[in-house]
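Down below is the structure, laid out as structure tokens.
Because the structure is a prediction, the values reported are computed rather than measured.
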Amino acid sequence: MTRPTPYDGSPARFPSGDGDLAFLDTGPPTTGTAPAAPTLVLLHPGWTDHALWSEVVPLFAARHRVIAPDARGHGASANASRPFRQCDDLAALLRHLGAGPAVLIGCSMGADLAVATALEHPDLVRALVLSGGGSGRNMELRTPWAVENAARQQAALAAGDLPAWAEHFAHGAVGPQRQPGDVPAELLDRIRTAGLRTLSKHTPDEPDHHIPVPDLAARAAALTVPVLAVNGALDAPELASYARHVADSAPWGRTVTLPDAGHFAPMERPGEFVEAVKGFLREAEGQAGSEAGRGR
């Protein structure tokens, strides 16, 4: 399969009150006489930035407005100087852009952010698409590969060996059933580059000002929007279970598994991921229409 041309647009800036937050905003205008396609918000994994979505953006942007922010302390966004919640940053950005309610699409940390925003700012969210996350990080790693890879990252950080950390961090895309050569080299390079770009913004003694939204897994049943989980078949089972748990808990949700993909499934299989999302959105819109008809 021919891979799409990566989008290389420069991000805009949002003055958050605690430094500027960077974001990409592209796609067709959302005004006009015809009903607009829903706005899609792409939320990146931890330690990376919006550039990880570069192959997904052009596949969505032909029809949808696409917004892809860098979370605070990641990519080109400012570091925090005081306590903050990622979901409040995202809510402020979406309100500033007049972009809600939107479909939040998140991978790993981005999936956690999507769920937290749907729970804390439900007026801004119309559906969720989650990959490799969504239940918070309160579940322990169990797969030996995942435990060992996390330990290698911590050891490299403790030694101040940033290139080694980046290598082990990118290895997270591989999963327990493959070797690095089985994963597209350009994806591993993008993960390493984005990880180093974010890590270089921080110092070992820097305080962590991020306040996570608690109990995402327990609160998932309170979601009122459709949820799609899209996991890689070759991801560690406990990581894939996060998104599946949210989809199973939601009032209307389902799970799709992409073969030959690991933890970064949307980036590793962008075409298949986008088709799964498009099908889900059509199905969700049809479900909403049926419910509205019964309501009348």
Side-chain angles (χ1 to χ4, degrees), residues 37-46 53 56 60 64 66-67 71 85-88 90-91 94 99-139 212-233 235-258 261 263-266 272-295:
T39 295
L40 309 182
V41 181
L42 306 181
L43 305 171
H44 61 76
W53 294 105
V56 174
F60 279 135
H64 298 267
V66 178
I67 298 169
R85 299 194 309 175
Q86 288 182 342
C87 66
D88 296 336
L90 179 59
L94 296 182
V103 179
L104 306 188
I105 302 175
C107 179
S108 196
M109 181 192 80
D112 293 347
L113 172 55
V115 174
T117 306
L119 291 169
E120 298 293 305
H121 302 280
D123 59 305
L124 294 173
V125 182
R126 64 189 293 170
L128 296 175
V129 179
L130 313 174
S131 182
S135 299
R137 287 295 177 257
N138 55 344
M139 298 184 184
V213 174
D215 303 324
L216 294 185
R219 296 174 62 194
L223 292 169
T224 59
V225 296
V227 177
L228 173 67
V230 184
N231 291 316
D235 197 3
E238 63 268 34
L239 299 179
S241 73
Y242 295 164
R244 185 171 60 248
H245 167 78
V246 178
D248 290 345
S249 301
W252 193 87
R254 63 185 180 89
T255 297
V256 171
T257 301
L258 299 184
H263 188 58
F264 294 83
E272 293 93 324
F273 176 77
V274 168
E275 287 306 309
V277 173
K278 288 180 177 178
F280 164 71
L281 294 178
R282 288 192 297 268
E283 191 176 347
E285 289 169 3
Q287 179 78 4
S290 298
E291 292 178 354
R294 288 196 297 270

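The CG atom of Leu216 sits 11.5 Å away from atom OH of Tyr242, with the distance rounded to the nearest 0.5 Å. To the nearest 0.5 angstrom, Phe280 atom CZ is 10.0 Å from Glu285 atom CD. With rounding to the nearest 0.5 angstrom, the CG atom of Asp248 is 10.0 Å from the OG atom of Ser241. With rounding to the nearest 0.5 angstrom, the CG atom of Leu228 is 7.5 Å from the OG1 atom of Thr255. The OG atom of Ser135 lies 11.0 Å from the CG atom of Leu239; values are rounded to the nearest 0.5 Å.
Tested against Leu42 for a side chain to side chain contact (heavy atoms under 4.5 Å, CB included), the candidates Ile105, Val129, Ile67, Val103 yield a single pass: Ile105.
With contacts defined as side-chain heavy-atom distances shorter than 4.5 Å, the pair Leu281/Leu40 qualifies. Within the 4.5 Å cutoff, no side-chain heavy atoms of Pro226 are placed close to those of Glu283. Within the 4.5 Å cutoff, the side chain of Leu43 has heavy atoms near those of the Leu90 side chain. Considering only heavy atoms from C-beta on, Val277 stays 4.5 Å or farther from His64 through its side chain. Under the 4.5 Å side-chain criterion, counting only non-hydrogen atoms from C-beta, Gln86 is not in contact with Val213.
A side-chain donor-acceptor contact under 3.5 Å links His44 to the backbone of Ala71. Not a single donor-acceptor pair under 3.5 Å links the side chain of His263 to the backbone N or O of Ser108. Checked by atom type and distance alone, the side chain of Thr257 never pairs as donor or acceptor with a backbone atom of Ala233 at under 3.5 Å.
In this structure Arg219 satisfies the salt bridge (Lys or Arg N to Asp or Glu O under 4.0 Å) test together with Glu120, sequence neighbours excluded.
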Practice task
List the steps, then state whether side-chain contact (heavy atoms from CB on, under 4.5 Å) holds for Leu113 with Met109.
Solution key: CA-CA 6 Å; Leu113 172 55; Met109 181 192 80; 5.7 Å; no

